[in-house]
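Quick caveat: nothing in here was measured; it's all calculated off a predicted structure.
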Amino acid sequence: MIRNVLGSLVALAGAASAVLSPFRDWYAGRAGQDYRVEDLFGGITAAESGVLVSMLLPFLAAALLVIVGVVLRSRLVVALAGLVVLGFTILWMVRQGQAAGSLVVAGDGSGLQVGVVNALAGGLLMLIGALLMSGRGRRGRRERRPVEPYAAPAADQVDTWPPTQEPGMSVQTSPWPEPEVDPYTGPDPHDPRTRSYPQAPPEADPRDPVHPPHRPPPPKSSPSGD
């Protein structure tokens, strides 16, 4: 966050320096706004230029790129703005050197002047601001995955749902009833593999052992008639 703020301030300062540079003298008392943009591609002439078609035009475009880059926190856009300012300034220096025969720096104002320094400094400040910015965080670019609810537990794990990292029983148990388990009744006497295992004693007769039930009397035979 701090790097973004610091880089944005440096880049904005560079944009302001670049925009103000055409209003200052560039070479031999001639202001930057007097140079037409088309002269950079066809050669420097003595013709006067309008403000909106002068060196101010690419610098205004670069300043807008800086503002967009700061809002979007895009280092690439801010760096592109700095390259635009440096590119047009260096191209002007090449064309001016061709027109004048050479580029000189003189104290009497007959050579390069402060306007060129402002333009070069503005482009460099934009590049430095782009380097200082940290850009967008990775968290902003990550897609948030939807939180999936807990799946229904298996039949043999109803007491441990939802899952917990704590040992022992779960804090919350399942609302579903526990499955019924068939009671163990011992080895199967009909299975040859478990036939030799000891069998459980037969269950005691739940009826009263003191007064066992009487068997019903046998039916009386009817007398045979002669």
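Leu12 is not connected to Met133 by any chain of hydrophobic side-chain contacts under 4.5 Å among Ile, Leu, Val, Met, Phe, Trp and Tyr, and they are in different clusters. Hydrophobic clustering places Leu40 together with Leu86 (ILVMFWY residues linked when any side-chain heavy atoms are closer than 4.5 Å, directly or through intermediates). Side-chain heavy atoms closer than 4.5 Å link hydrophobic residues (I, L, V, M, F, W, Y) into clusters, and following such links, even through other members, never connects Val94 to Phe41. Both Leu120 and Leu83 sit in one connected hydrophobic cluster of ILVMFWY residues. Membership requires side-chain heavy atoms under 4.5 Å apart, directly or through other members. Tracing side-chain contacts under 4.5 Å through hydrophobic residues (I, L, V, M, F, W, Y), one never reaches Val19 starting from Leu65; they form parts of separate clusters.
A 4.5 Å side-chain heavy-atom check between Leu57 and Leu52 finds every atom pair outside the cut-off. No side-chain heavy atom of Leu80 sits less than 4.5 Å from a side-chain heavy atom of Leu76. Contact check for Leu131 versus Arg75: side-chain heavy atoms found under the 4.5 Å cut-off. Annotation: side chain of Val114 is not in contact with side chain of Asp25 (no heavy-atom distance under 4.5 Å). Put simply, the side chain of Asn118 does not reach to within 4.5 Å of the side chain of Leu20, judged on heavy atoms. With contacts defined as side-chain heavy-atom distances shorter than 4.5 Å, the pair Ser21/Trp26 qualifies. Two residues are said to be in side-chain contact when any heavy atoms from C-beta on lie closer than 4.5 Å; Val53 and Val37 fail this criterion. Annotation: side chain of Val85 is not in contact with side chain of Leu124 (no heavy-atom distance under 4.5 Å).
Across all non-hydrogen atoms, the minimal contact from Ser54 to Gly32 is CB-O, 4.3 Å. Nearest heavy-atom pair across Val10 and Leu125 is CG1-O, 3.3 Å. Looking at every heavy atom in both residues, Phe59 comes nearest to Ala18 through CD1-O, 3.2 Å. The minimum heavy-atom distance linking Ala99 with Ile44 is given by the pair CB-CB, 3.9 Å. Counting all heavy atoms, side chain and backbone alike, Thr89 lies closest to Val116 at CG2-CG1, 4.2 Å. Contact record, Ala11 with Val78: CB-CG1, 3.6 Å, taken as the closest heavy-atom pair.
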Are Gln96 and Tyr35 close enough, and set up right, to give a side-chain contact (heavy atoms from CB on, under 4.5 Å), and what steps lead you there? CA-CA 10 Å; Gln96 181 63 40; Tyr35 293 96; 3.5 Å; yes
Show your reasoning for whether side-chain contact (heavy atoms from CB on, under 4.5 Å) applies to Val70 and Asn4. CA-CA 8 Å; Val70 168; Asn4 280 328; over 6 Å; no
Is there a side-chain contact (heavy atoms from CB on, under 4.5 Å) between Thr45 and Arg36? Walk through the geometry before answering. CA-CA 9 Å; Thr45 63; Arg36 297 180 301 178; 3.4 Å; yes
Please lay out, stage by stage, how Leu112 and Val104 fare under the test side-chain contact (heavy atoms from CB on, under 4.5 Å). CA-CA 6 Å; Leu112 294 174; Val104 295; over 6 Å; no
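Remark: Arg73 CZ to Arg3 CZ distance equals 13.0 Å, nearest 0.5 Å. A distance of 12.5 Å separates CG in Leu132 from CD1 in Ile2, rounded to the nearest 0.5 Å. Distance check: Met55 CE to Leu60 CG gives 11.5 Å after rounding to the nearest 0.5 Å.
Without hydrogens or angle criteria, Ser17 side chain to Ala13 main chain gives no donor-acceptor distance under 3.5 Å.
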